[in-house]
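Data first, discussion second: the structure below is written as structure tokens.
Source: prediction; values computed, not measured.
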Amino acid sequence: MMQPFLRDASTEILRAIRKRAGKASLTVEDIRSRPWASATFSGARHRVAFRLEGPDAEDHAAAFLVGIEAAEFSLRGHILADIRVAGRDDGGENGVRIELEALTVEDA
């Protein structure tokens with residue numbers, strides 16, 4: 001069973017993704033989280049799949065992905081330690097599907 005902080009981190013990641021996407025039409029297809037810990041930190045690994053849709057989907061996807069791995073996301077109660085693009089599928093009329101992998105740690 002998922003612990004509450006994982007749901008909170010997932011919610012915060014989705015909020016940050018929607019904010020970064022701006023006015024783009026965004027549909028979340030899947031989000032999965034699992035606990036993660038090191039000797040000094042606790043957190044979670046996340047995989048998020050979503051689709052940017054509409055006539056400007058390709059432009060929105062390009063803007064969304066520029067500098068994503070260095071982007072700073074504000075997550076309440078958590079710190080985004082790492083984020084990377086795990087996949088991108090330019091689906092033509094179906095929009096652009098993006099998969100991200102992220103690591104969050106609890107903000108002490």
Side-chain angles (χ1 to χ4, degrees):
M1 180 167 200
M2 230 186 271
Q3 298 176 5
F5 76 88
L6 293 178
R7 284 190 297 272
D8 290 345
S10 297
T11 299
E12 289 299 308
I13 287 174
L14 289 176
R15 184 184 58 76
I17 287 171
R18 287 190 190 280
K19 182 176 179 181
R20 184 171 174 95
K23 295 182 182 194
S25 175
L26 184 147
T27 301
V28 176
E29 294 183 342
D30 189 36
I31 182 164
R32 297 170 191 228
S33 300
R34 62 183 168 86
W36 173 90
S38 70
T40 54
F41 298 105
S42 294
R45 290 197 178 275
H46 311 273
R47 187 167 185 102
V48 182
F50 59 94
R51 185 171 300 280
L52 296 174
E53 301 167 323
D56 297 327
E58 183 61 41
D59 292 338
H60 288 298
F64 181 90
L65 293 173
V66 168
I68 190 75
E69 293 177 355
E72 300 216 4
F73 286 71
S74 176
L75 309 177
R76 289 175 283 199
H78 307 274
I79 298 169
L80 182 68
D82 187 41
I83 190 165
R84 72 175 198 85
V85 178
R88 176 186 170 149
D89 179 24
D90 300 331
E93 293 178 9
N94 295 324
V96 179
R97 185 174 192 272
I98 298 172
E99 288 185 52
L100 300 176
E101 291 180 346
L103 172 65
T104 58
V105 295
E106 293 178 358
D107 190 7

Would Arg97 and Glu29 pass as an ion pair if we require N to O under 4.0 Å?
-> yes
side-chain contact (heavy atoms from CB on, under 4.5 Å) evaluation trace for Arg45 with Ser33 | CA-CA 6 Å; Arg45 290 197 178 275; Ser33 300; over 6 Å; no
Closest heavy-atom pair, Phe50 versus Leu100, reported as atoms and distance to 0.1 Å, is CE2-CD1, 3.9 Å
Residue list, side chain to side chain contact (heavy atoms under 4.5 Å, CB included) with Arg88, at least two apart or on another chain | Glu58, Ala61, Leu65, Asp90, Val96
Should Arg15 and Arg76 count as side-chain neighbours, where that means a heavy-atom distance under 4.5 Å?
-> yes
Those residues that, when tested against Leu75, pass side chain to side chain contact (heavy atoms under 4.5 Å, CB included) (two or more places apart) = Glu12, Ile13, Ala16, Phe73, His78, Leu80, Thr104
Group every Ile, Leu, Val, Met, Phe, Trp and Tyr by side-chain heavy-atom contacts under 4.5 Å, then state whether Leu103 and Val85 land in the same group.
-> no
Which atom of Ile98 lies closest to which atom of Phe64, heavy atoms considered = CD1-CD2, 4.4 Å
Can Ile68 and Arg20 be said to form a side-chain contact (heavy atoms from CB on, under 4.5 Å), step by step?
-> CA-CA 10 Å; Ile68 190 75; Arg20 184 171 174 95; 3.3 Å; yes
ILVMFWY network linking Trp36 to Ile83, side-chain heavy atoms under 4.5 angstrom | no
With a 4.5 Å limit on heavy-atom distance, are the side chains of Arg32 and His46 in contact?
-> no
Looking at Val28 and Arg18, what are the two nearest heavy atoms and their distance?
-> CG2-NH2, 3.5 Å
Let me see the working for Asn94 and Arg51 under side-chain contact (heavy atoms from CB on, under 4.5 Å), right down to the final yes or no.
-> CA-CA 8 Å; Asn94 295 324; Arg51 185 171 300 280; 3.9 Å; yes
Inter-residue atom distance Leu14.CG - Ile31.CD1, 0.5 Å rounding | 4.0 Å
